[in-house]
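Worksheet for the structure shown next.
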Amino acid sequence: MKTQVAIIGAGPSGLLLGQLLHKAGISNIILERQSPEYVLSRIRAGVLEQGMVDLLRKAGVADRMDAEGLVHDGFELVFAGKRQHIDLKKLTGGRAVMIYGQTEVTRDLMTARKAAGGETFYNVENVSPQDLKTERPCVTFEKNGETVRLECDYIAGCDGFHGVARQSIPADALKIFERVYPFGWLGVLADTPPVNDELVYAAHERGFALCSMRSPTRTRYYLQVGAQEKVEDWSDQRFWDELKCRLPAELADRMVTGDSIEKSIAPLRSFVVEPMQFGRLFLVGDAAHIVPPTGAKGLNLAASDVSTLFDILCKVYKEGREDAIEQYSAICLRRIWKAERFSWWMTSMLHAFPDVDAFGQRIKETELDYFVGSLAGRTTIAENYVGLPYENVE
Ligand code: APR
Ligand code: PHB
């Protein structure tokens with residue numbers, strides 16, 4: 001079997017890259033270890049930066065997002081019991097974010113790929129990228145017990161944090177940067193009306209809380225919980241009681257509660273691997289970096305990696321510019337590290353840390369108070385939240 005670009009992983013990174021390449025007339029095949037139903041059952045984040053919204057439009061998969069997504073011009077920060085508005089639109093000269101779930105982005109991309117006749121092999125096993133440093137790399141995999149060899153020009157490792165792509169690069173060729181936080185997020189999805197028309201990020205001495213949404217009738221709420229907590233120990237009632245306790249009274253009083261549709265705990269981690277290219281293999285999205293969800297950057301960083309790799313592959317195939325591939329890692333990493341910094345900062349400012357001393361606690365409270373009280377501070381929060389610009393490929 002042969003294609004120009006072999007893509008490992010049918011999450012948002014792999015599907016979006018596949019769709020853009022398809023539109024540009026560059027052939028590609030996607031290999032995914034799970035079933036389509038499994039991929040669609042994962043509940044992930046739901047805030048899209050303007051850059052990602054524009055990229056989805058360019059890929060021709062934005063109709064439902066434009067019809068059903070909610071444009072948010074701001075969000076709220078709560079600390080010391082007070083609500084503070086961050087006016088994204090005013091502070092960034094008109095930029096905003098789009099509330100539209102990652103699951104829906106994935107569904108739209110799957111639909112578009114099917115309609116375009118793009119090839120995706122689901123439920124494949126033992127995917128193995130090979131001959132990465134040669135001009136004829138390939139990916140072998142097993143489908144229905146048979147071994148298949150997919151020959152290609154380039155391989156895109158879009159297979160997430162636990163994927164095989166990063167692991168197939170020799171360890172001594174990579175440098176890993178990592179921080180694991182001593183807590184996780186307990187998330188609940190419910191068919192209840194949102195407590196507020198904008199997202200609310202709340203710092204509280206009992207821990208962080210976030211009020212998010214998927215639509216005017218579906219909410220996504222989160223609580224900071226200890227790293228060892230078990231989801232079985234959190235009844236719906238306990239979740240709602242704790243959430244209300246961490247919010248100002250006027251929000252808690254109007255909170256509509258209901259049965260959870262989904263409930264899960266995710267650990268918080270910052271992770272970056274350098275470089276993001278080895279020979280003809282590129283790492284894209286979660287395969288190369290993880291951010292804690294506090295800045296809503298995970299999916300958006302995957303989109304900017306995809307945009308950069310797509311631009312590079314267009315230069316390779318349309319202009320014969322094979323040298324362009326050497327720019328991939330450096331361009332991506334400059335933007336990634338800025339989002340890593342912002343996500344780490346938001347996490348540090350808003351969460352309760354178990355071993356902070358009294359001085360450290362006051363400094364943290366003061367830093368947040370200073371940033372939010374100053375126009376310069378609010379501007380830096382806003383410009384990072386709506387997303388820093390994508391860098392061009394030379
Ligand atoms: N072989 C084939 N497919 C694999 C393999 C493998 N060895 N390992 C993992 N996969 C698949 C997973 O099943 C998954 O469908 O790769 C896909 C990776 O998808 P995601 O984990 O969603 O990663 P990505 O597409 O980069 O999406 C960006 O940013 O912060 C996050 O929530 C955000 O998940 C989102 C991510
Ligand atoms: C979500 O809606 O799941 C969400 C929103 C904002 C975040 C993280 C998660 O910062």
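We count ligands from 1, going down the list as the structure has it; atoms in each ligand are counted the same way. FYI, side chains are in, hydrogens and waters are out, and symmetry mates aren't considered; it's all heavy atoms of this structure.
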Return the residue, atom name and 0.1 Å-rounded distance of the protein heavy atom closest to [atom].
atom: atom 29 (O) of ligand 1; value: Asp286 OD1, 2.8 Å
atom: atom 1 (N) of ligand 1; value: Val127 CG2, 3.6 Å
atom: atom 22 (O) of ligand 1; value: Arg44 NH1, 3.0 Å
atom: atom 2 (O) of ligand 2; value: Ser212 OG, 2.5 Å
atom: atom 3 (O) of ligand 2; value: Tyr222 OH, 2.5 Å
atom: atom 8 (C) of ligand 2; value: Pro293 O, 3.3 Å
atom: atom 3 (N) of ligand 1; value: Arg33 N, 3.2 Å
atom: atom 19 (O) of ligand 1; value: Gly11 CA, 3.6 Å
atom: atom 17 (C) of ligand 1; value: Glu32 OE1, 3.6 Å

Using a 4.0 Å cut-off to any heavy atom of [X], which atoms of ligand 1 qualify?
X: Gly285; answer: 26 (O)
X: Val164; answer: 7 (N)
X: Gly163; answer: 8 (N)
X: Ile8; answer: 1 (N), 2 (C)
X: Gln34; answer: 13 (O)
X: Cys158; answer: 16 (O), 17 (C), 18 (C)
X: Ala302; answer: 28 (C)
X: Leu31; answer: 2 (C), 3 (N)

Show me which atoms of ligand 2 lie under 4.0 Å from any heavy atom of [X].
X: Arg220; value: 3 (O)
X: Ala296; value: 6 (C), 7 (C), 10 (O)
X: Arg214; value: 1 (C), 2 (O), 3 (O)
X: Thr294; value: 10 (O)
X: Val47; value: 5 (C), 6 (C)
X: Leu199; value: 5 (C), 6 (C)

On the ring face of [Y], is [X] found with NZ or CZ under 6.0 Å from the centre and within 45° of the axis?
X: Arg214; Y: Tyr100; result: no
X: Lys315; Y: Tyr317; result: no
X: Lys133; Y: Phe278; result: yes
X: Arg238; Y: Trp234; result: yes

Inset, instruction - Could you pull out, from Gly160, Pro12, Gly298, the option with a heavy atom nearest to atom 27 (O) of ligand 1? - result: Pro12
Inset, instruction - From atom 10 (N) of ligand 1, work out which of Asn126, Asn300, Asp159, Thr106 has a heavy atom at the shortest distance. - result: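 Result: the heavy atom closest to atom 10 (N) of ligand 1 is in Asp159.
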Inset, instruction - Could you establish whether Arg42 and ligand 1 come within less than 4.0 Å of each other, counting only heavy atoms on the residue side? - result: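 Checking ligand 1 against Arg42, which is what was asked, there is a heavy-atom contact under 4.0 Å.
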Legend entry - Qualifying residue for ring-ring contact (aromatic ring centres under 6.0 Å, His included) with Phe271, from Phe161, Phe177, Tyr181: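 Of the listed options, the one satisfying the test is Phe161.
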Inset, instruction - May I ask whether Trp185 places a heavy atom under 4.0 Å from ligand 2? - result: yes
Inset, instruction - Look at ligand 2 and say whether Met346 reaches it with a heavy atom at a distance under 4.0 Å. - result: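 No, that is not the case, since the closest heavy atom of the residue is not under 4.0 Å from the ligand.
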Inset, instruction - Indicate yes or no: at least one non-hydrogen side-chain atom of Val200 is less than 4.5 angstrom from one of Val78. - result: yes
Note: [X]-[Y] ion pair, threshold 4.0 Å (strictly below):
X: Asp54; Y: Arg57; answer: yes
X: Arg335; Y: Glu391; answer: no
X: Glu322; Y: Arg280; answer: yes
X: Lys297; Y: Glu49; answer: yes
X: Glu242; Y: Arg206; answer: yes
X: Glu367; Y: Lys364; answer: no

Which label fits [X] and [Y]: parallel for a plane angle under 30°, tilted from 30 to 60°, or perpendicular past 60°?
X: Phe208; Y: Tyr201; result: tilted
X: Trp345; Y: Phe342; result: parallel
X: Phe282; Y: Tyr154; result: tilted
X: Phe353; Y: Phe183; result: perpendicular

Legend entry - Nitrogen or oxygen of Ser13 less than 3.5 angstrom from that of ligand 1: yes
Inset, instruction - Would you check the N or O atoms of Gln102, main chain and side chain alike, for any that come under 3.5 Å of an N or O of ligand 1? - result: yes
Legend entry - N/O separation below 3.5 Å, Tyr201 to ligand 2: yes
Inset, instruction - Could you tell me whether the side chains of Arg220 and Tyr222 share a donor-acceptor contact shorter than 3.5 Å? - result: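 Note: Arg220 and Tyr222 side chains meet the donor-acceptor criterion.
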Legend entry - Exam field: side chain Ser215 to backbone Thr217, donor-acceptor pair closer than 3.5 Å: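 Between the backbone of Thr217 and the side chain of Ser215 there is a qualifying donor-acceptor contact (under 3.5 Å).
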